[in-house]
Structures are given as structure tokens and as C-alpha cells.
Amino acid sequence: MFGPEAMTATVSWVYAGLALVTLLDVFLPVLPAETSVITGGVLASAGHVEVSLVVAVAVAGAWTGDALAYRTGRLWGRRHRRPGARGESAVLRRLRRALTARQGHVLVVARFVPGGRTVVSFAAGAMRFPPGRFLRLTLLASTLWAAWAATLGYVGGQVFGDRLWLAVVVSKATAAGLLMLSELARRAMRAAASRRRTTRPVTCPGTAESTQGAAPVRAG
């Protein structure tokens, strides 16, 4: 399937296909964008393509797709320009609050969540998130994502040698496992923070704590 002769004859199509998949993934999340970048890393480990070009092409495709999705959301979401506008969905309201409070965090993390890139890019356009900041943050997110996926594939290719198909499968499983662990860790931290808030002692008026330090009252 990944024989040297076949890959040498079609190497230019590898880059073109990678660019197309990473671009269209924002509109069709079912496309295997991450798997394509991982596969590119595996092929780079075997010398069929250049890993630096795999990362560069994936970044260009992903970033362009994000920009197009942002523009589409901006055109579609004219009625959502103002916070609380009539017809604004609950999902869009939550995303508006999240983007306002944690702009960089949401835009970068969404790149690693299946379907997250699609939702956040369209929502950012619909709510007229500053375009310059959006492009800078999504460029950072695309670069981190592409380098991460290509590195996984490259390492997998080095470990499994000529069994390139196995390297792709194991690298993809590793990526899914790491994302699952990070999501579980995030939820555990949120749950722990919520428990700390609910168990925080409450001082009621009239208790010893509330009267401690009060000025003594002298008898007349």
C-alpha cells in the first residue's frame, strides 16, 4: 500500500491531498485531517516526503480553512452581532462567554478537539471576534497541531520501520489516547475546583469568627 515505487510516483499528490484535506476538514469534520498529517509524518520517516513540508502544508491548509470558516460565520451571523441578540442559540451564547473570558485558550484547544475547530471558527465569525487576533491565534493552534501530529507519525515510523501501516495505526491511537487523557484531566480539575468552592466554610453573622477582633465593650 505504501510501497516506495508508488510513493515516489505520487509524492506531489501527497502534499496536494494533505493541503486539501486539512483545509476542508473545517467544513467536513469527517475528513481524516489528523490522520493525514500523521501519515505524512510516517512517510517522512521512510524518506518519501519531507517532514518540514508536511508540517508547512498542513499549517497552510488548516489556517486557510479556519479563515474561510470565520468569514462564512461572519456573513451568516449578522443577527448575532450583539450579545443576547434575539435568536442567538444557547451554544453561541456559551461560546461568546468562553471566547470573551479565555480567548487564546479556547481557540488553541479547539484545534485538538474533534469538531471543535469547526464550531469555534464559525462562532468566532458570527460574533465578530477581532479578525486579526483570530488569525494569530489560529495560526499558533494550526502550527502546534500540525507539528504534534507529524511528530507522532515520524516517531511511529522510526519505531516500526517498514511496517508503515502499523505506524499510522499506532500513532493515531496514541493521539486519540493523549487527547482522551487530557480531557479526563481537564474534567477532573474542574470537578476538584467545583468541590473546593462548595466546601468552602461560610461564616455566619454572630458566630465566633464574625465577632473575633471586635472592639471590647466596657461596662459603664
Side-chain angles (χ1 to χ4, degrees), residues 2 7 11 14-70 98-99 102-121 124 133-161 163-190:
F2 293 113
M7 292 314 307
V11 64
V14 173
Y15 296 122
L18 181 60
L20 187 62
V21 171
T22 53
L23 188 155
L24 294 179
D25 172 63
V26 71
F27 298 100
L28 300 170
V30 295
L31 291 177
E34 184 177 82
T35 302
S36 298
V37 181
I38 289 174
T39 303
V42 172
L43 295 175
S45 72
H48 300 307
V49 293
E50 293 291 334
V51 68
S52 58
L53 287 179
V54 168
V55 174
V57 169
V59 170
W63 191 45
T64 303
D66 289 341
L68 291 175
Y70 174 89
L99 284 170
R102 303 183 300 277
Q103 297 176 2
H105 175 77
V106 172
L107 286 170
V108 173
V109 171
R111 173 67 265 186
F112 294 85
V113 178
R117 169 200 185 193
T118 301
V119 175
V120 171
S121 296
R133 183 164 177 77
F134 174 84
L135 291 174
R136 289 192 298 272
L137 289 171
T138 51
L139 177 59
L140 171 63
S142 298
T143 303
L144 293 175
W145 169 78
W148 174 72
T151 300
L152 277 178
Y154 191 89
V155 172
Q158 291 291 315
V159 170
F160 293 99
R163 294 174 293 177
L164 300 186
W165 66 270
L166 184 58
V168 172
V169 172
V170 173
S171 298
K172 178 61 179 177
T174 302
L178 290 174
L179 288 177
M180 185 178 298
L181 287 175
S182 66
E183 177 63 16
L184 291 175
R186 185 186 67 84
R187 292 187 180 187
M189 288 188 292
R190 287 185 61 184

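Listed here is the closest heavy atom pair of Ala58 and Ala146: CB-CB, 3.8 Å. Shown here for Ser36 and Pro32, the closest heavy-atom pair between the two residues is OG-O, 2.7 Å. The heavy-atom pair separating Val54 from Gly40 by the smallest distance is CG2-O, 3.8 Å. Heavy atoms only, all atoms of each residue included: Phe134 and Thr138 are closest at O-OG1, 2.7 Å.
Under the ring-ring contact (aromatic ring centres under 6.0 Å, His included) criterion, Tyr15 pairs with no residue at all, not counting sequence neighbours. Annotation: side-chain contact (heavy atoms from CB on, under 4.5 Å) contacts of Leu20 (sequence neighbours excluded): Leu24. Partners of Val51 according to the side-chain contact (heavy atoms from CB on, under 4.5 Å) rule, which considers only residues two or more places apart in sequence or in another chain, are Ala44, Ala150, Tyr154. Applying the side-chain contact (heavy atoms from CB on, under 4.5 Å) test to Thr151 and every residue at least two apart in sequence or in another chain returns Val155.
Leu107 is not listed as a side-chain neighbour of Leu140, based on a closest heavy-atom distance of 4.5 Å or more. For the pair Trp63 and Leu135, the minimum side-chain heavy-atom distance is below 4.5 Å.
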List the atom pairs, donor and acceptor, that lie under 3.5 Å between side-chain atoms in residues 109-119 and the rest of the protein, sequence neighbours left out.
| from | atom 1 | to | atom 2 | distance (Å) |
| --- | --- | --- | --- | --- |
| Arg117 | NE | Asp66 | OD1 | 2.4 |
| Arg117 | NH1 | Thr22 | O | 2.9 |
| Arg117 | NH1 | Asp25 | OD2 | 3.3 |
| Arg117 | NH2 | Thr22 | O | 3.1 |
| Arg117 | NH2 | Ala62 | O | 2.7 |
| Arg117 | NH2 | Asp66 | OD1 | 3.4 |
| Thr118 | OG1 | Val26 | O | 2.8 |

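Each salt bridge (Lys or Arg N to Asp or Glu O under 4.0 Å) pair with one or both residues in residues 137-158, not counting sequence neighbours, would appear here, but there are none.
Distance alone, capped at 3.5 Å, places no donor-acceptor pair between the Ser142 side chain and the Leu139 backbone.
Note: Thr39 OG1 to Glu34 CD = 10.5 Å, rounded to the nearest 0.5 Å.
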